[in-house]
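Everything on this sheet refers to the single structure shown next.
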Amino acid sequence: MNAPLYSFKEVELKWQNFWAHHKSYEVKEPGDSCYYVLEQFPYPSGRLHMGHVRVYTLGDTIARFQRGFGKTVLHPMGWDSFGLPAENAAIQHGVSPSKWTLENIQAMKKHFMSLGLSYDWSREIITSDVSYYEQEQKIFLDFYKKGLIYRKESWVNWDPEEKTVLANEQVINGRGWRSGVPVERRLLSQWFLKITKFSDALLENLKDLPDWPENVRTMQEKWIGRSQGARIFFSLKDPLDGMNRNLEVFSTRPETLFGASFLCIAPNHPIALKLAEKDEDLAAFIQECLRQDTSEATLQKAEKKGFKTALLGEHPFDKNWTLPIFIANFVVMDYGTGAVFGCPAHDDRDLDFARLYDLPILPVIEDPNGGVFCKDQDDEAYVGPGVLIHSEFLNGLDINEAQRVVIMRLEEIKKGYGEITYRLRDWGVSRQRYWGCPIPMIHCPVCGVVPVPQEALPVVLPENVSFDIPGNPLDHDASWKDVLCPQCDGKAERETDTLDTFFESSWYFLRFCSPRASIPFNRNDVQAFMPVDIYVGGVEHAVLHLLYSRFFTMALKECGYLDFEEPFKSLLTQGFVCHETYQDEKGAWLYPEEVKKSKDGTYVTLRDDLLVRVGRSEKMSKSHKNVVDPSVILKEYGADTARLFMLSDTPPERNLDWSESGIEGCWRYINRLWRLGSRALERIEIISRLNLKSETSLKTEEEAFLRLLNTTVQFVTKAYELYHFNTAVAQCRTFSNDFARFIEESQNAPLIREGLQTLLRLLSPIIPHLTSEIWSIMEGQDQVVDFLPWPKADPKYLEAPTISLSVQINGKLRGVLTLPNNASEETVKCEALKLPNVKQEFDKGATLKRVVFVQNRIMNLVVV
RNA sequence: GCCCGCUUGGUGGAAUGGUAGACACAACAGACUUAAAAUCUGUCGAUCUUACGGUCAUGCCAGUUCGAGUCUGGCAGCGGGCACCA
């Protein structure tokens with residue numbers, strides 16, 4: 001074969017069509033051994049970005065690798081197509097969310113195809129399609145029946161101008177993103193999922209997920225936040241009319257109770273609201289607190305503020321000791337009891353607060369390192385371990401023992417009890433939005449909340465709604481909203497809230513197992529495919545999405561849908577794709593294609609040579625314009641080059657820096673492989689024409705090549721198993737370098753052939769088009785390379801006859817020895833002492849004290 | 001603010017506690033070419049030295065160890081998440 005230039009356009013299209021035509025990656029039914037590869041499905045924004053290219057290349061490479069082991073690989077793809085952007089597009093451009101979404105899906109699917117991803121498209125899921133959300137409504141009703149769903153009041157960000165609820169990201173510096181009007185907090189009655197019922201199970205099961213990254217497990221553990229503490233009752237000196245005599249406080253540090261100097265309650269605590277009825281100043285203060293957005297970050301970053309009430313709380317262990325009660329902006333009603341006691345000496349936040357309001361600071365724990373807490377303005381609170389002081393019956397106890405004792409005493413005098421609490425809160429799933437799954441509930445003035453009967457499903461989202469009036473279009477659509485009550489046949493209204501889009505993504509991995517079933521999923525299929533063997537996605541989902549999915553699986557088990565608890569066996573979390581940022585002199589952001597490098601190394605604008613400020617590399621984002629459009633790359637270099645670049649340099653977990661020169665390096669390697677393949681086949685033909693006598697024994701260089709070949713197979717296989725794709729590529733490049741020489745020098749045609757076959761097979765998961773093409777030229781027929789067996793390393797060729805061993809003196813390198821494999825300590829020592837640098841040391845009068853020897857690695861001579 | 005990470009040449013990165021910088025990118029030099037591109041070959045952490053070779057180097061400061069990029073503690077910088085973006 002001659003070596004015509006590699007034409008990726010033709011070749012890639014040919015193979016993409018071949019796979020589609022032969023339905024190569026469709027899985028009809030689960031085989032004996034299944035392997036489920038799943039990447040987080042995308043929101044169909046309509047544009048492919050580099051982050052997509054990265055995740056989907058990772059997943060595809062894993063899927064293609066696993067096919068080499070004879071497994072039935074389930075590798076599906078779908079669209080997480082409900083969500084805010086469709087609604088924003090509707091408001092801004094007047095397009096119908098459903099039309100906009102479907103067009104985006106079409107556009108993105110085309111891009112996915114051109115990446116050569118080996119998906120089973122027959123299982124495609126669109127979550128905004130009735131066929132999907134109908135099943136979701138069934139699940140909702142089953143959860144409701146099991147008592148896993150309930151209604152309660154909860155705070156939301158309210159934009160008074162747009163008359164709508166805002167997401168936290170839509171609140172910028174306390175103002176609505178579109179209206180610019182300060183947001184308020186409003187209390188709305190909403191649907192909640194009882195995820196807290198599974199707090200312990202969600203925590204405990206983390207131990208059974210060894211293939212999850214440690215950091216993700218830790219994050220979830222902290223998020224669930226199980227803590228042992230105490231509920232403590234502070235009697236109010238002058239209780240309010242009709243309210244409890246006791247103020248209930250939860251604390252994770254009850255042992256510091258004798259260091260308490262004040263009590264704080266949340267601005268929306270019932271006592272605070274009661275007091276505000278008769279106190280305008282307090283009412284104003286509460287209003288001010290409620291003006292912040294609802295995010296925890298805002299809350300905690302805000303300046304600590306309190307409002308002193310006239311109320312006093314009695315210390316549980318001393319009737320004559322009273323503590324002032326404040327209403328404070330940093331106390332959260334949703335956690336614990338919405339009330340805390342402040343111990344300034346041992347909590348930084350309490351210390352700040354005490355200094356602000358000039359409250360006593362009473363140290364009760366002694367730092368074992370002798371530091372005594374003093375009242376200097378710069379001192380921090382002491383939060384470490386230690387022994388109790390100034391604490392009556394707790395004196396001399398360490399903090400753990402003191403906690404046990406204090407809880408015991410509180411229980412004795414009926415002033416409190418030990419309690420375990422969780423940071424995890426129930427999941428609010430109500431959204432006051434149109435583009436989401438309708439909640440199948442009906443509000444009847446007579447019967448109350450009534451579920452939509454099974455046979456009346458699906459509750460279909462109405463098309464042709466109007467976004468002209470501010471607020472939720474479902475609220476204004478009487479023809480949809482007004483219904484008859486299924487119980488009493490009287491006039492009733494549909495629930496107009498829709499579900500959080502996390503709801504769809506919490507079970508889609510189950511739907512993929514039987515995507516066209518008339519029930520949410522077929523039990524046998526799920527049993528066969530689940531759990532997902534490897535789930536690939538961004539770290540940003542480490543807590544919420546993954547925790548919700550785990551909870552859903554448990555809840556579905558409780559409803560009898562399935563009988564396992566954990567949906568994802570292992571997890572691969574990939575980093576971001578980053579790029580430098582560019583700004584002109586006025587600070588306006590510039591796209592990379594608007595910028596060029598000048599001769600002196602600085603960057604200037606392409607248009608008029610103005611100096612450009614280069615910022616550090618950060619996550620590609622539209623707002624900073626540091627984006628590179630993948631479709632341009634695909635057009636210029638092709639899918640294989642893009643895929644190779646995504647995997648070749650950076651390990652999956654790290655952030656990847658996009659670089660133009662990096663992509664060109666990959667493009668050159670692709671062409672080099674093409675020439676290498678052509679030349680190898682050419683050489684095989686030339687050699688066979690020579691009619692050489694077949695040699696019976698291998699030459700030295702052939703043995704060396706076989707060693708390289710087999711160690712490469714071993715190394716690359718291991719690297720794929722560990723998802724270290726960058727080192728797999730590096731090893732293949734090393735092999736290619738030597739192989740190029742071997743092709744020219746060797747007369748062993750079968751060995752050249754074996755070398756080429758191995759190289760192609762090892763790279764085929766990453767660059768499927770090129771490898772398929774060369775393979776088909778070599779084998780004379782079109783095959784799907786993925787399904788060919790993965791090569792096995794022959795142990796006979798894995799051991800090198802000689803090794804190089806480093807010799808150190810006191811841990812410093814002094815020479816390297818080349819010795820037979822497994823040379824004994826005696827041999828090594830004998831040779832080591834002959835090394836000039838070592839000899840010199842002893843000539844200077846050093847005496848040998850100790851010899852550290854690690855076979856085939858090092859000898860360290862310890863001298864004095 | 002709280003929780004979780006990351007930090008190694010000019011750049012991306014490699015390295016079961018055992019020869020730091022594999023494999024690349026960029027740069028430089030050379031070969032081929034009328035020339036350029038492409039390709040091929042070589043050099044390529046800093047520093048001292050004509051050389052042999054030495055010294056210093058994995059964000060910073062301590063510690064453990066015969067030996068630390070790797071383990072422990074502290075600090076700094078950067079990134080992710082914080083419950084209504086997905």
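Only this structure's heavy atoms are used, side chains among them; waters, hydrogens and symmetry mates stay out. In what follows, every chain begins at residue 1, and chains take the letters A, B, ... in the order their sequences are listed.
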Under 3.5 Å, sequence neighbours excluded: what are the donor-acceptor pairs made by side chains of residues 717-728 of chain A?
unit_1, atom_1, unit_2, atom_2, d
Thr717(A), OG1, Val713(A), O, 2.6
Thr717(A), OG1, Trp790(A), NE1, 3.0
Tyr720(A), OH, Leu762(A), O, 2.7
Thr727(A), OG1, His724(A), O, 2.9

Distance-only donor-acceptor pairs under 3.5 Å for side chains of residues 645-655 of chain A, two or more places apart:
unit_1, atom_1, unit_2, atom_2, d
Ser648(A), OG, Leu644(A), O, 3.1
Asn655(A), OD1, Phe576(A), N, 2.9

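Side-chain contact of Ser295(A) with Thr298(A): a donor-acceptor pair under 3.5 Å is present, judged by distance alone. A donor-acceptor contact under 3.5 angstrom links the side chains of Trp427(A) and Asp500(A), judged on distance only.
Taking the C1' atoms as reference points, rU39(B) lies 26 Å from rG13(B), given to the whole Å. With both ends at atom C1', the span from rU64(B) to rC25(B) equals 39 Å, rounded to whole Å. Look at the P atom in both rA51(B) and rC28(B): the space between them is 24 Å, to the nearest Å. If you take atom P in rA31(B) and the same atom in rA36(B), they sit 11 Å apart, rounded to whole Å. Remark: the separation of the P atoms in rG17(B) and rA68(B) is 15 Å, to the nearest Å. rU58(B) and rU49(B) have their P atoms separated by 24 Å, with the value rounded to a whole Å. Between rC2(B) and rA83(B), the two C1' atoms lie 14 Å apart (nearest whole Å). The C1' atoms of rU43(B) and rU8(B) are separated by 22 Å, rounded to the nearest whole Å.
Among the heavy atoms of the strands lying under 4.0 Å from Gly428(A) are primed sugar atoms or P, OP1, OP2 only; no base atom is included. Within the nucleic acid shown, His545(A) has no heavy atom closer than 4.0 Å to any nucleic acid atom. Here Gln190(A) lies in heavy-atom contact (under 4.0 Å) with a base. Among the heavy atoms of the strands lying under 4.0 Å from Arg733(A) are primed sugar atoms or P, OP1, OP2 only; no base atom is included. Backbone-only engagement by Lys812(A) is indicated by non-hydrogen atom pairs under 4.0 Å involving sugar-phosphate atoms exclusively. Using a 4.0 Å heavy-atom distance criterion, Gln432(A) is classed as a base contact. Asn671(A) comes within contact range of no nucleotide atom at all, as no heavy-atom separation falls under 4.0 Å.
The partner of rG77(B) is rC6(B), judged by Watson-Crick or G-U wobble contacts that both fall below 3.5 Å. The partner of rA38(B), taking Watson-Crick or G-U wobble pairs whose two distances both stay under 3.5 Å, does not exist in any strand shown. Here rC84(B) sits opposite no nucleotide as a Watson-Crick or G-U wobble pair (both hydrogen-bonding atom distances under 3.5 Å). In this structure rA24(B) sits in a base pair with rU11(B), meeting the Watson-Crick or G-U test at under 3.5 Å.
Salt bridge Glu296(A)/Arg423(A): present, at least one basic N to carboxylate O contact under 4.0 Å. A salt bridge does not link Lys812(A) to Glu841(A): none of the charged side-chain nitrogens sits closer than 4.0 Å to a carboxylate oxygen.
Comparing Ser806(A) and Leu424(A) along RNA chain B, the residue whose closest nucleotide (by nearest heavy atom) sits nearer the 5' end is Ser806(A). Checking Lys222(A) against Val816(A), the closest nucleotide of RNA chain B that is more toward the 5' end is the one next to Lys222(A).
rG9(B): glycosidic angle within 90° of 0, hence syn.
In 5' to 3' order, the nucleotides of RNA chain B bounding all contacts with chain A (an atom under 4.0 Å from a heavy atom) are rG1(B) to rA86(B).
Across all non-hydrogen atoms, the minimal contact from Ala86(A) to Trp435(A) is CB-CD1, 3.4 Å. Across all their heavy atoms, Leu206(A) and Arg217(A) have their closest contact at O-CD, 3.4 Å.
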